[in-house]
2 protein chains.
Amino acid sequence: MKKFELIYNELKQKIANKSLPAGSKIPSENQLCQDFNCSRGTLRKALELLAQDGLINAQHGRGVFVLDHEQITFSFGSLISFAEANQDSGSTFTTEVALCRNLLCDAALASVTGFAAETPLLKLLRLRTLNNEKIIADLNYFNTNLITGLNQDIAQKSIYHYIESELKLKIGFARRSIEVCAPNDYDLKYLDLSQFNCVVVVKNWVYLADGVLFEYTESHHRPDKFVFTEFVRRR
Amino acid sequence: MKKFELIYNELKQKIANKSLPAGSKIPSENQLCQDFNCSRGTLRKALELLAQDGLINAQHGRGVFVLDHEQITFSFGSLISFAEANQDSGSTFTTEVALCRNLLCDAALASVTGFAAETPLLKLLRLRTLNNEKIIADLNYFNTNLITGLNQDIAQKSIYHYIESELKLKIGFARRSIEVCAPNDYDLKYLDLSQFNCVVVVKNWVYLADGVLFEYTESHHRPDKFVFTEFVRRR
DNA sequence: ACTCATTTGTTCGTATGTATG
DNA sequence: GCATACATACGAACAAATGAG
């Protein structure tokens, strides 16, 4: 692991276990440089990451202060998978693969997903259950030229872990949109919508580090179970 | 303006006017350092900002490439005000101030807004109209100990511009949440909801650079007119 | 009002590591 | 193997904001 990542993780943990409590001032940059035996540039890179996470706030001439981060609960603000997002929250989600089949991208699908026509794709429908209610339906399309060897077993667990650890591919970035739509046939068939007549649709276009689109996903959420939170800085 | 900001703005403009077109490789860091007469650290700081914006993607050993950014339309991914967000999009929004009055924060309001009880607040309700339809209701609470001199005239224009340019205060960061709720009394009274029985609620807690909360806002959007888009990087 | 030490912010230069072709 | 290009790390200097004296 890189040095700045080590420092970042160490400070992050100290904030999490409150040995650096919210509201407190952390040691000065020069002090931390000594503690971690690093240059100021390296330390500041770690602090930058913590600031982006909303964990600390630097004040010119005063010092760096720990923010109260308890308020951010289930953050979608970074690019993480469903499995990753839930492994540390105490909630007990389960995943069921309702559909898993190969197909070729046609013109209609191309305009929705952004894949070129004729691209071989794996189509997945996965249902997420919380407290015996199916509240999320994830519809994924993966480019199987890039993501090879995907199967139902992997889909049950974490596809992102498979892509990075098994295939050794680097995930780069994603574009995302959030909107509210009428339920489609899948939603009506599979989700426990009860009285709700709309769903929150989160669309994701995910690219490898070399800029190639490898995944298009639509997550359909029951509106009462959807909260998106994020932290943003003024520039 | 700082040197890295100048470089950032210049490159951003070249991408916007397509003298650096999507898909193209931009000059190497060393070349750009010569062009801008700056160090590599300074140049990389500018490139970092462009990368966060989703405008470029760096590939180790290959170069830096311009991404296709047309796909991000109405981004709320950064911390900007309604007026700022709309000044460059061609749409013709109008703002109407429906309510503007001073009050003291009571216990109930304190738990919602995060302000301490007894804090003097200005409560604002502003309606945003697009094509003769009222589709957004913004309910703001400003701490008037910090944001002094606010009035209906300023609320009609841009409060953020007033805070930064007139009061010379520095806005630091915000926490935000997005969820779907049943319409409240204001929504039913003021918005053109037609057949919709829900609204998208965006809550914002906004802090000055010194970490003090100065604004709590709820934006209520008609669901069919709400799209939130953002760009995220894998870390 | 002024000085001064402290602390963060910006910029430069240099060296080395690592991925690509 | 080699040149190119981005990534990481170190050190140094000065600027700018803050707060204490």
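Letters A, B, ... are given to chains in the order of the sequence lines, protein chains preceding strands, and every chain is numbered from 1. Keep in mind the model is a prediction, meaning the values are calculated, not measured.
- The separation between A/Phe36 atom CZ and D/dA9 atom P is 13 Å, rounded to whole Å.
- Distances shorter than 4.0 Å separate some side-chain N or O of B/Lys45 from OP1 or OP2 on C/dT10.
- Residue A/Arg62 has a polar side-chain atom (N or O) positioned under 4.0 Å from OP1 or OP2 of D/dG19.
- With the nearest nucleotide of DNA chain C identified for both B/Met1 and A/Gly61, A/Gly61 has the one nearer the 5' end.
- At a cut-off of 3.5 angstrom, the base of D/dA16 holds at least one donor-acceptor pair with the side chain of A/His60.
- Taking side-chain N and O atoms only, A/Thr42 has a distance below 4.0 Å to OP1 or OP2 of D/dC10.
- Separating the CZ atom of B/Phe65 from the C1' atom of C/dT20 is a distance of 10 Å, rounded to the nearest angstrom.
- Among the protein residues, B/Asn37 comes within range of the sugar-phosphate backbone only, with heavy atoms under 4.0 Å from sugar or phosphate atoms but none that close to a base.
- A/Cys100 is listed as a side-chain neighbour of A/Leu122, based on a closest heavy-atom distance under 4.5 Å.
- Rounded to an integer number of Å, the gap from A/Leu47 CG to C/dG9 P is 9 Å.
- The six-membered or imidazole ring of A/Phe173 lies near that of B/Phe231, with a centre-to-centre distance under 6.0 Å.
- The side chain of A/Ser28 lies closest to C/dT8 when the candidates are D/dA5, C/dT8, D/dC10.
- B/Phe115 places none of its side-chain heavy atoms less than 4.5 Å from the side chain of B/Leu109.
- For the pair A/Phe4 CZ and C/dG17 P, the interatomic distance rounds to 17 Å; values are reported in whole Å.
- Between the side chain of B/Arg40 and the base of D/dA7 there is at least one donor-acceptor pair of N/O atoms closer than 3.5 Å.
- Put simply, B/Lys3 has a side-chain N or O that comes within less than 4.0 Å of OP1 or OP2 on C/dC12.
- Across the protein-nucleic acid pair, B/Asn30 atom CG and C/dT16 atom P stand 16 Å apart, rounded to whole Å.
- To the nearest angstrom, P of C/dT10 lies 14 Å from OH of B/Tyr8.
- Closest to the side chain of A/Glu29, from the set D/dA9, D/dA5, C/dG9, is C/dG9.
- The residue A/Gly63 sits close only to the backbone: its heavy atoms come under 4.0 Å of sugar-phosphate atoms, none of a base.
- Atom-to-atom, NZ of A/Lys2 to P of C/dG17 comes out at 13 Å; the value is rounded to the nearest Å.
- Distances shown here put every side-chain N or O of A/Arg44 at or beyond 4.0 Å from the OP1 or OP2 atom of C/dT8.
- Taking the centre and axis of the six-membered ring of B/Phe4, the NZ or CZ atom of B/Lys45 falls inside the cone set by 45° and 6.0 Å.
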Start with the C-alpha distance between B/Leu121 and B/Phe142, add both sets of side-chain angles, then the distance that settles side chain to side chain contact (heavy atoms under 4.5 Å, CB included), and finish with yes or no. CA-CA 5 Å; B/Leu121 302 174; B/Phe142 288 95; over 6 Å; no
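- Residue order along DNA chain D, read from the 5' end via each residue's closest nucleotide, puts A/Cys38 first among A/Cys38 and A/Gln59.
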